[in-house]
Amino acid sequence: MSEAEKFYALLEKLSNAFGVSGFEEEIREIVIKELEPYADEVTVDKFGNVIAVKKGSSNAPKVMWAAHMDEIGFLIRAIDDKGFLYIAPVGGWYSVVVAAQRLRIRLDSGEYIYGVVGMKPPHLLSPEEQKQAPKLDKLFVDIGARSRKEAEEMGVRIGLPADLDRELARLAGNRVTGKALDDRAGLAVMLWAFRSVEPRGTLYAVATVQEEVGLKGARVAAYKLNPDVAIALDVTTANDLPGVGPADQVARLGGGPAIKVADGRGMSGLISHPAVFRLLVDVAEKEGIPYQLEVLTGGTTDAAAISLTREGVPAGVISIPARYIHSPVEVIDLEDALNSARLLAKATESMTKEWYESIFK
Ligand code: CO
Ligand code: ZN
């Protein structure tokens, strides 16, 4: 098996797993198993974050990696008399990509049932309706039940989580498509790099929960670990699409890891620490790893929350370019992911005591 094929096998397991924000049990078990063979210790904190530790040999800086395990999804918010379910979004959805999808609802038993987001057929849509995007709060899920009673007998109740029923698949070359590549791609990169990295100081690889609902897991994990420096692994928008000019692409699929400069509206998310940013660029140059620079004008990552911990943590981000983020058909390039893992490991190995002290001079 080639490196890309092995990485694909890992990503497939992660992408297909269930892990809506706040309901990360299934993905967490997979992540623990993947980390354990390579870690000195793996623990789960009170909030549900997985923390894997690799002890370094010196008093070099304590490094925290963060990649979120959770994915955007839905909660069942109502059941009507006819047995149709209504959903509330968990995280940022655009209604157009939810309509006509098949969902997977997790019951209290741990089993899954399936439902479809039903739509009026085009035959019945007025010309006015045809022009409009469906409204998320009007969408309903058809699980095949004929009544509320039948739905309840199937195990459905208010508050159950649901994700998209979608399996990872290969496209041409090293490109793959699936759900939740935000951030299972970043998670796979973190797990991959963790296997072989030899950190100078202590390394914490943290698979975080509840990123999509406000960077919550990263915030509490960073408080507990009190790291000296942090790197988040997440996807960024590869908007290199038909009809989009180069100024609006953000990142290019296949162009290598995107090293974050800053993100958020008005750059209110993270402004990467200049020394961490510089180290990532220098390491990419030295190692011959292709890379691109990223300024993202909307959205942010766990690094934003970590950077604000206690008296501040120098932080940066390695972003994996992804097309169609927050949809069932996210696309990444495995070569970008493998290069991101290389950059992550090499940069971490370059975080010496001398480097760290030089930041604050
Ligand atoms: Co996201
Ligand atoms: Zn993300």
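Quantities reported herein were computed from a predicted structural model and do not represent experimental measurements. Just so you know, these numbers use all the heavy atoms, side chains as well, and skip hydrogens, waters and symmetry mates. First listed ligand is number 1; within each ligand, the first listed atom is number 1.
The atom name of the N/O/S atom in Asp182 closest to the Zn ion (ligand 2) is OD1. Looking only at N/O/S atoms, His326 comes nearest to the Co ion (ligand 1) through NE2. Checked against the Co ion (ligand 1), the N, O or S atom of Asp182 at the shortest distance is OD2. Restricting Glu212 to its N/O/S atoms, the shortest distance to the Co ion (ligand 1) is reached by OE2.
Among the atoms of Asp234, an N, O or S atom falls under 2.8 Å of the Zn ion (ligand 2). The Co ion (ligand 1) has no N, O or S atom of Asp234 inside 2.8 Å of it.
Taking the centre of each ring, Phe18 and Phe23 stay at or above the 6.0 Å mark. Side-chain rings of Trp65 and Tyr204 stay apart, their centers remaining 6.0 Å or farther from each other.
Judged by the 6.0 Å and 45° rule, Lys54 forms no cation-pi pair with Tyr38.
The closest side-chain heavy-atom distance from Arg323 to Glu330 is not below 4.5 Å.
At a threshold of 4.5 Å between side-chain heavy atoms, the hydrophobic network of Ile, Leu, Val, Met, Phe, Trp and Tyr places Val235 and Val20 in two separate groups.
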